[in-house]
Amino acid sequence: MDRRKLTFFLGYNTNPGEEIAAGQIFATYGCTDPLATNFNPNAMDDDGTCEYPLDCGEDVALSVHLHDSYGDGWNENYLEIANQNGDLQQSITLNDGSEGVVEFCLAEGCYTYSVGGGSYLSEISWDLYLDTMLVVSGEGGDSGIFSLNADCSSMYGCTDELAFNYNPDAIVDDGSCYYPVLGCMDELALNYDPDAEEDDGSCYYEDDILGCTDEVALNYDVNATYDDGSCAYPSLSLDPVSTELCLGESVLISWTGGNPSVSINIGLIDVNTNTSTGSIDIVDNTGEYLWVIEDVIVGGVYKFYIQDHPWPPTSWSYGSDFTVLDDCTPVVSGCTDSSALNYDAEATVDDGSCLFLATLSVDMSEVAVSASGVHIAGDFQGWDPAATEAAVVAGDGCGGVYAYQIALVNGTHEFKFINGVAWGDDEYVNGSCSNGSGNRSITVAGAAADNGTPCFASCDACSNPLVILGCTYDVASNYDPCANDDDGSCAEFESDCQGDIDGDGLISVSDLLYILSVFGSNCQ
């Protein structure tokens with residue numbers, strides 16, 4: 001018998017990624033630990049890839065399978081699992097992709113779960129397994145309770161504190177709440193209710209006066225001692241907002257009216273589709289609410305609406321339209337004219353508040369100036385004839401030029417001068433400087449302005465200074481500082497210095513001139 005010896009040449013691929021050569025029947029690399037879940041009985045060299053079952057000790061091993069229908073992960077949403085005391089045990093998410101599996105350990109007991117924190121909740125779902133047994137599953141923003149070999153019935157019950165059977169230990173409301181029959185339980189009251197189980201403070205008696213007791217109501221009755229629910233209130237009215245608002249910024253929603261004792265449902269309307277985008281919040285009727293602009297389309301046009309809550313409302317209001325922008329430069333109102341007195345370098349929007357110096361002058365040379373002085377009345381100071389005094393800028397106070405300076409906004413302003421402090425002492429002006437009704441006008445247009453120096457009660461300059469007779473000698477007892485023409489009325493005066501006629505402490509030519517001025521006068 002011819003026996004032939006067959007020899008097989010076996011080659012070994014020792015480098016991961018290298019092609020297996022002809023005659024090679026297995027690779028030499030892989031997990032060589034038979035206790036691992038990925039043990040490779042054909043592997044000869046361990047490559048460190050061994051994976052082992054989760055060791056939970058006395059706890060139970062769980063696996064949660066995460067799914068995302070869009071394939072981009074859970075978009076910052078998290079599945080949070082807490083124990084019966086509310087302590088967070090697990091916070092799990094899918095960072096990317098369509099699906100993933102997370103394994104973890106929990107002690108036997110009762111647990112709550114909730115999902116949220118991110119966006120696109122409608123795309124996500126999950127399943128929680130104990131070995132191959134489904135424990136609980138959910139989708140979107142579901143929340144609830146699950147048990148791991150424990151009785152969790154105590155976590156279900158009535159969670160409404162107002163209910164007769166409120167269970168403070170209950171976490172999930174099971175719809176079992178029942179409520180007392182409210183009413184007046186005093187048999188002496190006119191509205192006694194024999195079926196009432198809890199007194200609601202509504203009892204009223206023979207000496208009560210029924211009516212509206214709310215002072216802010218339209219029909220408040222000061223004599224009423226019992227509120228009969230008849231109070232009527234002003235209708236709700238939303239205040240307008242800026243026509244452009246920015247995504248992410250805060251906007252103050254404010255309104256007036258409505259019953260201050262009820263809640264207000266604040267919502268948002270898409271103006272382009274004329275549909276509601278849902279409720280923003282339900283709040284107390286305080287008249288204002290600060291909202292951060294979110295969950296809207298950039299470039300979309302919206303408006304707020306408010307209504308009484310609960311439904312059906314007795315009053316409602318729609319706000320003004322606004323466009324949502326992506327990136328807003330902070331709006332700072334103020335004066336943007338660098339030549340103005342109150343220029344604000346930080347202002348981005350001019351609010352019409354720029355001020356410019358206006359000089360208002362009058363020449364009083366042709367009139368006798370009142371002892372009360374010269375005043376100005378105008379639309380910039382409430383037309384008060386005694387509130388604003390002009391100062392002497394040229395002359396001696398008995399005539400000459402009087403002026404007043406004030407900062408005014410752009411526009412035409414009316415005013416007039418007062419020779420005194422009361423109406424009747426005011427001027428009446430006709431001509432180019434007049435508004436046609438006896439007042440002067442001055443126009444401020446982005447620069448300092450003045451009205452020239454016209455004569456009192458005229459648009460023209462003074463040409464005939466007033467002649468004022470009196471004693472012009474300043475040492476005389478009857479000296480008149482406003483006199484500009486001496487009428488010879490100066491009284492006698494005395495001096496301790498012999499020959500010092502004018503009392504200036506010197507004997508000089510002025511003394512001789514005074515003697516000559518009265519020489520020949522008859523003293524009888």
Side-chain angles (χ1 to χ4, degrees), residues 13 15-18 26-27 29-43 45-150 152 155-156 171-172 247-248 278 294-297:
N13 179 20
N15 296 314
E18 181 178 327
F26 56 84
Y29 57 88
C31 175
T32 61
D33 189 345
L35 297 178
T37 58
N38 63 331
F39 166 62
N40 183 356
N42 296 317
D45 294 325
D46 195 291
D47 61 359
T49 61
C50 293
E51 298 176 359
Y52 298 89
L54 190 64
D55 183 9
C56 292
E58 296 181 357
D59 294 343
V60 295
L62 300 165
S63 63
V64 59
H65 296 245
L66 311 173
H67 311 281
D68 183 82
S69 62
Y70 193 77
D72 62 345
W74 273 23
N75 295 289
E76 303 301 322
N77 287 296
Y78 286 83
L79 168 62
E80 293 190 339
I81 298 174
N83 63 20
Q84 198 164 351
N85 296 324
D87 301 322
L88 184 64
Q89 303 297 300
Q90 294 289 328
S91 182
I92 302 168
T93 190
L94 179 63
N95 292 321
D96 53 49
S98 298
E99 59 184 28
V101 177
V102 177
E103 295 180 336
F104 57 94
C105 301
L106 284 179
E108 293 183 340
C110 299
Y111 295 89
T112 63
Y113 65 86
S114 62
V115 180
S119 54
Y120 306 109
L121 275 170
S122 61
E123 299 175 1
I124 68 177
S125 60
W126 53 276
D127 307 287
L128 180 65
Y129 289 91
L130 173 59
D131 293 328
T132 59
M133 181 183 69
L134 179 65
V135 177
V136 66
S137 62
E139 59 184 19
D142 289 350
S143 60
I145 295 173
F146 67 88
S147 168
L148 295 178
N149 302 322
C152 302
M155 299 179 71
Y156 294 89
I171 296 176
V172 176
L247 190 67
E294 58 186 0
D295 297 330
V296 293
I297 299 173

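- With rounding to the nearest 0.5 Å, the separation of OG in Ser63 from CG in Leu130 is 8.5 Å.
- Between Glu51 and Asn38, the side chains place no donor N or O within less than 3.5 Å of an acceptor N or O (distance only, hydrogens not considered).
- Annotation for Ala150 and Cys110: closest pair CB-SG, 4.1 Å, computed over non-hydrogen atoms.
- The structure places CH2 of Trp74 at 13.0 Å from OG of Ser119, a figure rounded to the nearest 0.5 Å.
- At a threshold of 4.5 Å between non-hydrogen side-chain atoms, the residues Phe146 and Ile81 count as touching.
- When the side chain to side chain contact (heavy atoms under 4.5 Å, CB included) test is applied to Asp55, no partner is found at least two apart in sequence or on another chain.
- The number of heavy-atom neighbours closer than 6.0 Å to CD1 of Ile297, taken from other residues, nucleotides and ligands shown, is 12 or below.
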Output a table of donor-acceptor pairs, distance under 3.5 Å, between side-chain atoms of residues 131-145 and any protein atom two or more places apart or on a different chain; print 'none' if there are none.
unit_1: Asp142; atom_1: OD2; unit_2: Glu139; atom_2: N; d: 2.9

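- Within 6.0 Å of CG in Asp72 there are more than 12 heavy atoms belonging to other residues, nucleotides or ligands.
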Working for side chain to side chain contact (heavy atoms under 4.5 Å, CB included), residues Gln90 and Val102: CA-CA 11 Å; Gln90 294 289 328; Val102 177; 5.7 Å; no

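- Scored by the side-chain hydrogen bond (donor to acceptor under 3.5 Å, both in side chains) test, Asp127 finds His67 as partners (sequence neighbours excluded).
- Under the 4.5 Å side-chain criterion, counting only non-hydrogen atoms from C-beta, Leu62 is in contact with Leu148.
- Other residues, nucleotides and ligands contribute over 12 non-hydrogen atoms within 6.0 Å of the CZ atom of Phe39.
- Asn95 meets the side-chain hydrogen bond (donor to acceptor under 3.5 Å, both in side chains) test with no other residue; sequence neighbours excluded.
- For Glu294, the CD atom sits in a packed shell: over 12 heavy atoms of surrounding residues, nucleotides or ligands are nearer than 6.0 Å.
- Pairing each heavy atom of Ser147 with each of Cys152, the nearest pair is CB-SG, 3.4 Å.
- With hydrogens and angles disregarded, a donor-acceptor distance shorter than 3.5 Å links the side chain of Asp46 to the backbone of Thr32.
- Taking CG from Asn40 and CG from Asp45, the interatomic distance works out to 11.0 Å, rounded to the nearest 0.5 Å.
- Interatomic distance, Leu94 CG to Ile124 CD1, rounded to the nearest 0.5 Å: 9.5 Å.
- Put simply, the side chain of Phe104 reaches to within 4.5 Å of the side chain of Val64, judged on heavy atoms.
- For Tyr113, the ring-ring contact (aromatic ring centres under 6.0 Å, His included) partners are Trp126, not counting sequence neighbours.
- Not a single donor-acceptor pair under 3.5 Å links the side chain of Asn85 to the backbone N or O of Asp87.
- Summarising the geometry of Cys50 relative to Ala36, their closest heavy-atom pair is CB-CB, 3.9 Å, with the distance given to 0.1 Å.
- Shown here are the side chain to side chain contact (heavy atoms under 4.5 Å, CB included) partners of Tyr78, two or more places apart in sequence or in another chain: Glu76, Glu80, Ser91, Thr93.
- Val60 has its side chain within reach of Glu108: a pair of non-hydrogen atoms, C-beta onward, lies under 4.5 Å apart.
- Using a 4.5 Å heavy-atom cutoff, the side chains of Leu106 and Asp59 are not in contact.
- In terms of heavy-atom proximity, Cys31 sits nearest to Asp47 at N-OD1, 3.9 Å.
- Atom OG in Ser125 sits 12.0 Å away from atom NE2 in His65 (nearest 0.5 Å).
- With contacts defined as side-chain heavy-atom distances shorter than 4.5 Å, the pair Glu123/Asn75 qualifies.
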